[in-house]
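Input: a single structure, listed below in structure tokens.
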Amino acid sequence: MKTISSTTSYVIGIGEALWDVLPDGKKLGGAPANFAYHTGQFGHQTLAVSALGNDKLAEETLHALDERGLQYIMPRVPYPTGTVQVVLDDEGVPTYDIRENVAWDNIPLTDEMLTVARNACAVCWGSLAQRNVVSRETIRRFVHATPEESLRIFDINLRQTFYTKEIIKESLKLCNVLKINDEELVSIGRMFGYPGLDMENKCWLILGKYNLNMLVLTCGVNGSYVFTPGCMSFQETPKVEVADTVGAGDSFTGSFCAAILQGKSVCEAHRIAVEVSAYVCTQNGAMPRLPEQYLRQIRP
């Protein structure tokens, strides 16, 4: 991998690094690496930040990241590299066992991390990697170290029971961009006591209450929205032949981030993100190579 620069302005994904272990084999996963990979395809310098164990799976992780040309800061810790056991029932419906007390639960805050944080132009994180206090404190201190004008994207990603009201509230205070889906919005509405409000009014309320620059709401086949103070963008979801949806949300966030950093309007960035994520749904795996027709819309 290339040497990490102390002066480069990186786009950074921080949080879980893991493997999805499926009946037909394992695939590299984790939203931070997916986000960084997709943002990087548009010409931005990107980094994935997490932690790995001292095991064979860690070596496979680094090899997979190197193959994709993705830079990373992933210190080794005395815990196993993260895995998610995926079990399919008789009808092919998956259930997930996200292993606990693994490497990405114990991300140490290093001087190298703080150095890149201070020059970051964007950082993206979620709720899952904050389930353990060690990684939670690292993520919070990392985000605090980024410039105030940087994009601070909280891609909420609620998983199982690995979140609390306090974790969500602290990240809402830290971010200036919230990415959430319709099911998560219902959960947050219940958690924070927003009864009787429709979907749009919940979004306007959260946008104003936490002084956000943008709130991105994805609703699957029912389209997506971007709320900004005084303005809303809506895009329909393209109808495509779906191979799998793994990584589609991360490709949306990554391409939206890349477009905003390149000075695109919110509406234009939203349109591009919808097109990119629809394409990723037609491909197998979370990190397909994007065709030139998408890249040239943003790439500097």
Answer yes or no: is there a side-chain heavy-atom contact under 4.5 Å between [X] and [Y]?
X	Y	value
Lys264	Phe256	no
Ser255	His38	no
Leu57	Thr83	yes
Val177	Ile260	no
Val276	Phe252	no
Asn157	Leu128	no

Using a cut-off of 6.0 Å, state whether more than 12 heavy atoms not belonging to [X] lie near its atom [atom1].
X	atom1	answer
Gln293	CD	yes
Lys165	NZ	yes
Glu148	CD	no

Is [X] salt-bridged to [Y], going by a charged N under 4.0 Å from an acidic O?
X	Y	value
Glu137	Arg141	no
Arg68	Asp66	no
Glu16	Arg159	no
Lys26	Glu60	yes
Lys173	Glu170	yes

Do [X] and [Y] belong to the same hydrophobic cluster, where Ile, Leu, Val, Met, Phe, Trp and Tyr are linked whenever their side-chain heavy atoms lie under 4.5 Å apart, directly or via other members?
X	Y	value
Tyr279	Leu295	yes
Val21	Leu28	no
Ile206	Met214	no
Ile180	Val143	yes
Met199	Ile168	yes

Fill in: Aromatic ring pairing Trp125/Phe154, orientation class (parallel under 30°, perpendicular over 60°, tilted between)
parallel

Discussion item. Going by side chain to side chain contact (heavy atoms under 4.5 Å, CB included), Leu178 matches just one of Leu172, Leu217, Ile153. Which one?
Written reply: Leu172

Worksheet entry | The single option from Leu185, Asn181, Thr253, Thr237 passing side chain to side chain contact (heavy atoms under 4.5 Å, CB included) against Thr218 | Asn181

Fill in: Working for side chain to side chain contact (heavy atoms under 4.5 Å, CB included), residues Leu47 and Ile73
CA-CA 7 Å; Leu47 275 175; Ile73 300 175; 4.2 Å; yes

Item to complete: Write down the atom of Ser277, the atom of Ser251, and the distance for their closest heavy-atom approach.
Response: CA-OG, 3.3 Å

Fill in: Smallest separation among heavy atoms of Asp105 and Arg99, with atom names
OD2-O, 4.3 Å

Practice prompt. Using modelled atom types only, decide if a donor and an acceptor are shared between the side chain of Gln130 and the backbone of Gly126 within a distance under 3.5 Å.
Written response: yes

Worksheet item: Between Ser150 and Arg152, is there a donor-acceptor pair closer than 3.5 Å when you use the side chain of the first and the backbone of the second?
Response: no

Worksheet item: Checking side chain to side chain donor-acceptor pair (under 3.5 Å) against Ser224, which of Gln235, His270, Lys179 comes through?
Response: His270

Worksheet item: Arg271 and Ser233: side chain to side chain contact (heavy atoms under 4.5 Å, CB included), yes or no, with the steps?
Response: CA-CA 9 Å; Arg271 180 189 62 76; Ser233 169; over 6 Å; no

Worksheet, complete the sentence: The reported gap from SG in Cys121 to CG in Leu151 (rounded to nearest 0.5 angstrom) is 7.5 Å

Fill in: Separation between CD1 of Ile14 and CD1 of Ile139, rounded to the nearest 0.5 Å
5.0 Å

Discussion item. Show, in sequence, the C-alpha distance, side-chain angles and deciding distance for Tyr163 and Arg131, and conclude whether the side chain to side chain contact (heavy atoms under 4.5 Å, CB included) test is met.
Written reply: CA-CA 6 Å; Tyr163 58 91; Arg131 66 184 182 177; over 6 Å; no

Discussion item. Run the side chain to side chain contact (heavy atoms under 4.5 Å, CB included) test on Ile12 and Phe35 for me, step by step, so that the C-alpha distance in whole Å, both residues' side-chain angles and the decisive distance to 0.1 Å come before the verdict.
Written reply: CA-CA 8 Å; Ile12 300 164; Phe35 164 79; over 6 Å; no

